[in-house]
Amino acid sequence: RDLSRWGKNGTLVGGAKYNISGAYGSAVQFDGVDDYIRVGQVLQINSSYTFSLSAWINTNSNTTLQRIIYLGSGDSVEANNLTAGLMVDGTTQGKGSIAFQLAKAQIWTARIATNVSNLSAGNIAINVGQWYHVAGTYDGSRTFGGLKIYINGIQQNTNTVGGGFGANDVKQNSWFIGTEGKSDENALYQNYSGLIDEAQIWNSTLSDSDIQQLYYSNLYKYMNDSWQFVSNQQNLSTNGATYTYRAIATDTAGDINTT
């Protein structure tokens, strides 16, 4: 369910199960076979647009290629479709790697992936059965340097994959969670196995501090009229220090309230 003001609710497909214990509140469980969430065309992008993707994941496999959040590619007739996504890539980049990419189906690919061979550089390898916050951001620059990956709030050292950016195109299909869906959804690829929570699609390039706050804190709705804010901020002084938090809410009419 989309709890933003846009109300772009997804649809559970296959045997995807909601209300499984998540990183915060509930999560959705995917079987890696035919479970996914159809999100729809919630964000139109091209390779000059800014966007960010983030989610909490708890995977059953770190040695396979699995789509976490993905803008579905078209079939062979739709080879000009732009695709983009965040994925577990334990096949080409090593056990526990995360990848983030833009691609024009069957024509060009610009992908970065975490370098799990160099954990001493602060990189994090994804283990099975543990919760991780993963995010990818893109600044619209049409360069590999414009793509970034974060795990648990920390920007990761990455490798580049693919030949880079080619001709642009805005034609595209639906966004999916847990699969790379084709246009007719009769063909699904790299299905995700495990739990996904707090999946988010942004139409901007989130900053380092934005990503850190997504990792350190969470605001989630657990009843129709009730929300809970959780903060796990690190490096705060406990020696008599006082910290003030402010909440700001904007309704669909544009009215703002703060507390």
Side-chain angles (χ1 to χ4, degrees), residues 1-18 26-57 59 64-89 98-111 134-138 140 147 165-206:
R1 183 180 178 187
D2 180 9
L3 296 181
S4 74
R5 62 173 176 160
W6 307 112
K8 301 290 186 178
N9 295 329
T11 301
L12 296 177
V13 181
K17 299 177 182 179
Y18 178 68
S26 301
V28 175
Q29 184 175 21
F30 304 83
D31 66 1
V33 179
D34 60 357
D35 296 352
Y36 63 98
I37 299 175
R38 182 191 309 113
V39 182
Q41 294 183 344
V42 296
L43 177 64
Q44 295 286 309
I45 64 171
N46 66 34
S47 61
S48 297
Y49 289 10
T50 61
F51 71 97
S52 302
L53 308 175
S54 67
W56 282 92
I57 65 168
T59 183
T64 56
L65 183 60
Q66 305 175 81
R67 310 293 181 173
I68 301 169
I69 304 174
Y70 210 76
L71 177 61
S73 65
D75 55 31
S76 59
V77 179
E78 299 171 313
N80 287 330
N81 284 13
L82 187 71
T83 69
L86 190 62
M87 64 204 83
V88 178
D89 186 2
I98 294 293
F100 180 53
Q101 79 169 28
L102 273 80
K104 193 172 180 181
Q106 304 180 26
I107 298 177
W108 58 262
T109 298
R111 177 191 295 184
V134 297
T137 68
Y138 177 60
L147 295 161
F165 295 85
N168 205 351
D169 203 305
V170 296
K171 183 182 179 184
Q172 57 198 251
N173 293 304
S174 296
W175 287 89
F176 295 88
I177 298 173
T179 191
E180 177 188 351
K182 298 295 185 179
S183 57
D184 57 7
E185 297 184 40
N186 288 327
L188 305 174
Y189 292 88
Q190 287 99 38
N191 286 18
Y192 179 88
S193 176
L195 301 171
I196 298 178
D197 194 6
E198 300 294 322
Q200 299 179 356
I201 302 171
W202 303 77
N203 63 354
S204 62
T205 307
L206 298 183

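Note that the coordinates shown come from a computational prediction; the quantities given were computed from them, not determined experimentally.
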Heavy-atom distance under 4.5 Å between the side chains of Phe30 and Ile37, does that happen here? yes

Leu53 vs Trp175 side-chain heavy atoms within contact, under 4.5 Å: yes

Test item: Thr205 side-chain N/O and Tyr138 main-chain N/O as donor-acceptor pair under 3.5 Å: yes

Closer than 3.5 angstrom, by distance alone: can the side chain of Ser174 be matched with the main-chain N or O of Val39 as a donor-acceptor pair? no

Considering residues at least two apart in sequence or located in another chain, which fulfil the side chain to side chain donor-acceptor pair (under 3.5 Å) criterion with Ser193? Asn60

State, to 0.1 Å, how close [X] and [Y] come at their nearest heavy-atom pair, and which atoms those are.
| X | Y | value |
| --- | --- | --- |
| Ile57 | Val88 | CD1-CG2, 4.1 Å |
| Leu102 | Leu147 | CD1-CD2, 3.7 Å |
| Ile69 | Gln200 | CD1-O, 3.8 Å |
| Phe51 | Phe100 | CE1-CZ, 3.8 Å |
| Thr137 | Ser52 | CG2-OG, 3.5 Å |
| Val28 | Ala16 | CG1-CB, 4.0 Å |

Could you tell me the separation between the [atom1] atom of [X] and the [atom2] atom of [Y], rounded to the nearest 0.5 Å?
| X | Y | atom1 | atom2 | answer |
| --- | --- | --- | --- | --- |
| Ser54 | Ile201 | OG | CD1 | 9.5 Å |
| Leu82 | Gln44 | CG | CD | 10.0 Å |
| Thr83 | Lys104 | OG1 | NZ | 11.5 Å |
| Asn191 | Leu65 | CG | CG | 10.5 Å |
| Leu43 | Asn203 | CG | CG | 6.0 Å |
| Phe176 | Arg38 | CZ | CZ | 7.0 Å |

Could you verify whether a donor N or O on one side chain and an acceptor N or O on the other, from Tyr36 and Glu180, lie under 3.5 Å apart? no

Fit a plane to each ring of Trp108 and Phe165, take the angle between them on a 0 to 90° scale, and name the class: parallel (under 30°), tilted (30 to 60°) or perpendicular (over 60°). tilted

According to side chain to side chain contact (heavy atoms under 4.5 Å, CB included), who are the partners of Gln29, at least two apart in sequence or on a separate chain? Lys17, Ile20, Leu195

